[in-house]
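Worksheet: one structure, shown below.
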Amino acid sequence: MGNGPSIFVRTPQEHLEHMWRNPSPLAHFCPPGHVRVYLLPEWTRGKNPMKEPWAALKNDFALEPTGELDLKKVKDKWALERCSAIDLERMQPFEEQYKGRLSLLALKVLADSKGIVWMYEPTPSEDTASIRADRLRIVRQYDAAVERILEATLGRISKLLDNGVVGQSVSHYYPEYSGVDPGLPDVPQEAHSEEPSVKENVGEAECDKTSAALYQQQRQLIFFAALLFLLFSGALGRYAQFGRDLAFGW
């Protein structure tokens, strides 16, 4: 199954934005049996594409045993409807002799001084433009949902910290660190022995309730901290196909 235009795959513009955010430079030299392709998602006839290398998608594509380049590999790589090579001498689209393929001779003629073949995507059809617009809407919904989760997580963690969950927990289980004398007050032993047993039972019950509440708050704090880590690490917020698929039902 190919990776043509679909709401389930990145658009060429998304691929370009991903390349800017996560730069992964190509090897200094193109591997043997490959050709280096720079593709512009948009290009105007007569304009020199080599003046805008930052706006081009870049990749090394394996050649066929005959030395030809199958353009389907290029289209599948970046979810293109069509793609065409640019004739750098005439600054116009190159008409390949065999549809969907560039011969070894054509690649040599089209390559620039560095051996790079420049391509572009012609104006897509209305159907493809509509699909990409729908995907953009879904992507925005996904991004907005992730932003809401992040804000809610930060707010909850801030609230827990403002309530002194950590400080209460430490002082409850380790009184020596709370700044309060953990020992009994300077009261005669007889006075302690005279306290009603009912009061002791009530105190124990209150202590158990406090411990349970603190434990629950600690669990919530750990959960939100883990969720926050996932957001900042990109596990939930990255432009991954799987994450975007989860947003389609929203």
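At least one donor-acceptor pair closer than 3.5 Å links the side chain of Thr11 to the backbone N or O of Glu14. Of the possible donor and acceptor atoms, none in the side chain of Arg36 sits under 3.5 Å from a partner among the backbone N and O of Val117. Side chain of Lys108 to main chain of Gly115: no donor-acceptor pair is present (N/O by atom type, distance under 3.5 Å, no hydrogens or angles). With hydrogens and angles ignored, the 3.5 Å screen pairs no side-chain donor or acceptor of Glu52 with any backbone N or O of Pro49. Checked by atom type and distance alone, the side chain of Arg132 never pairs as donor or acceptor with a backbone atom of Gln13 at under 3.5 Å.
Once rounded to the nearest 0.5 Å, the distance linking CD of Glu96 with CG of Leu110 reads 9.5 Å. For the atom pair CG (Asp60) and CZ (Phe29), the distance works out to 12.5 Å, reported to the nearest 0.5 Å. The CG atom of Asp87 lies 6.0 Å from the CD atom of Gln92; values are rounded to the nearest 0.5 Å. Rounded to the nearest 0.5 Å, atoms CG (Leu80) and NZ (Lys75) are 8.5 Å apart.
Nearest heavy-atom pair, Leu26 versus Lys58, reported as atom, atom and distance to 0.1 Å: CD1-CB, 3.9 Å. The nearest pair of heavy atoms linking Glu121 to Glu81 is OE2-N, 3.2 Å. Pairing each heavy atom of Arg82 with each of Thr123, the nearest pair is NH2-O, 3.0 Å. Taking all atoms of both residues into account, the shortest heavy-atom contact from Pro12 to Pro41 is CB-CB, 4.2 Å. Here the closest heavy-atom approach between residue Met119 and residue Leu69 is recorded as CE-CD2, 3.7 Å. Listed here is the closest heavy atom pair of Cys83 and Pro122: CA-CD, 3.9 Å.
Under a 4.5 Å side-chain heavy-atom cut-off, the cluster of Ile, Leu, Val, Met, Phe, Trp and Tyr residues that includes Tyr38 is completed by Leu40, Trp43, Met50, Ile86, Leu88, Ile116, Trp118, Tyr120.
The salt bridge (Lys or Arg N to Asp or Glu O under 4.0 Å) test applied to Lys73 returns Glu64, not counting sequence neighbours.
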Does Leu107 form a side chain to side chain contact (heavy atoms under 4.5 Å, CB included) with Leu63? I'd like the steps, not just the answer. CA-CA 10 Å; Leu107 292 174; Leu63 299 174; 3.7 Å; yes

List the steps and the verdict of side chain to side chain contact (heavy atoms under 4.5 Å, CB included) for Asn59 and Phe61. CA-CA 6 Å; Asn59 193 61; Phe61 292 95; 3.5 Å; yes

Derivation of the side chain to side chain contact (heavy atoms under 4.5 Å, CB included) call for Leu104 and Thr66: CA-CA 8 Å; Leu104 180 60; Thr66 58; over 6 Å; no

Side chain to side chain contact (heavy atoms under 4.5 Å, CB included) assessment of Met91 paired with Arg45: CA-CA 6 Å; Met91 292 301 167; Arg45 186 181 302 221; over 6 Å; no

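Inter-residue side-chain proximity for Lys77 and His15 is flagged as unmet; no heavy-atom pair is nearer than 4.5 Å.
Aromatic ring orientation, Trp20 versus Trp54: tilted (interplanar angle from 30° to 60°).
Looking at Ser103 and Glu68, their side chains never bring a donor and an acceptor atom within 3.5 Å of each other.
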